[in-house]
Amino acid sequence: MAKKDDKITLDPAEFAAAVLGGNAQYPDEENKLYIKRQLTLYLEATLLAQDFNQLEESQFDMAKAQQREDVLSKIIEHRYH
């Protein structure tokens with residue numbers, strides 16, 4: 001089980017490939033339309049994974065900053081009280 005301070009990152013290419021794997025061609029769909037749909041889905045999945053990774057990184061940094069603040073507060077509290 002992941003700890004609170006473990007960050008999750010997605011490999012954008014692997015994520016996009018996994019998304020495409022579940023996107024079958026419709027029975028009467030033209031190849032060109034299917035390829036365009038696949039390309040669009042691939043690009044959207046890649047961008048989504050990159051956005052997720054950036055958000056996860058900023059959340060991870062904020063958590064670390066909060067931990068530092070908590071430690072400093074405890075040090076100050078014990079020193080002056």
Side-chain angles (χ1 to χ4, degrees):
M1 175 160 235
K3 294 183 281 179
K4 181 181 175 184
D5 59 348
D6 286 347
K7 65 180 174 178
I8 299 170
T9 55
L10 297 173
D11 179 283
E14 285 183 23
F15 178 74
V19 170
L20 290 181
N23 189 39
Q25 187 171 3
Y26 301 131
D28 293 333
E29 185 176 28
E30 293 180 20
N31 287 337
K32 187 175 182 179
L33 182 59
Y34 175 66
I35 291 167
K36 284 181 178 180
R37 195 164 53 86
Q38 289 287 87
L39 179 58
T40 301
L41 190 57
Y42 180 86
L43 294 172
E44 288 176 351
T46 301
L47 292 172
L48 181 65
Q50 290 171 350
D51 289 347
F52 174 83
N53 288 339
Q54 289 172 354
L55 179 61
E56 183 70 5
E57 184 66 34
S58 66
Q59 292 294 337
F60 188 74
D61 290 344
M62 286 177 22
K64 288 293 186 184
Q66 184 60 48
Q67 288 174 345
R68 284 192 302 272
E69 289 295 321
D70 291 346
V71 168
L72 287 174
S73 294
K74 287 180 183 180
I75 291 171
I76 291 169
E77 182 180 307
H78 289 298
R79 183 172 184 165
Y80 295 106
H81 289 90

Checklist entry - Side chains of L47 and E44: closer than 4.5 Å at any heavy-atom pair? => result no

Next on the checklist: If you compare all heavy atoms of P12 against all heavy atoms of A49, which two are closest, and at what distance to 0.1 Å?
Outcome noted: CA-CB, 3.7 Å

Checklist entry - For I8 and F52, which heavy atoms make the closest approach, and how far apart are they? => result O-CE2, 3.6 Å

Item to check | Close side-chain approach of L33 and Y26, heavy atoms under 4.5 Å | outcome: no

Item to check | Distance-only side-chain donor-acceptor flag, Q38 / Y42, under 3.5 Å | outcome: no

Checklist entry - Are Y34 and L20 connected, step by step, through hydrophobic side chains (Ile, Leu, Val, Met, Phe, Trp, Tyr) whose heavy atoms are closer than 4.5 Å? => result no

Item to check | For F15 against A45, the heavy-atom pair lying closest together | outcome: CD2-O, 3.4 Å

Item to check | Inter-residue atom distance E29.CD - I35.CD1, 0.5 Å rounding | outcome: 9.5 Å

Item to check | Member of T46, N53, L48 meeting the side chain to side chain contact (heavy atoms under 4.5 Å, CB included) criterion with Q50 | outcome: T46

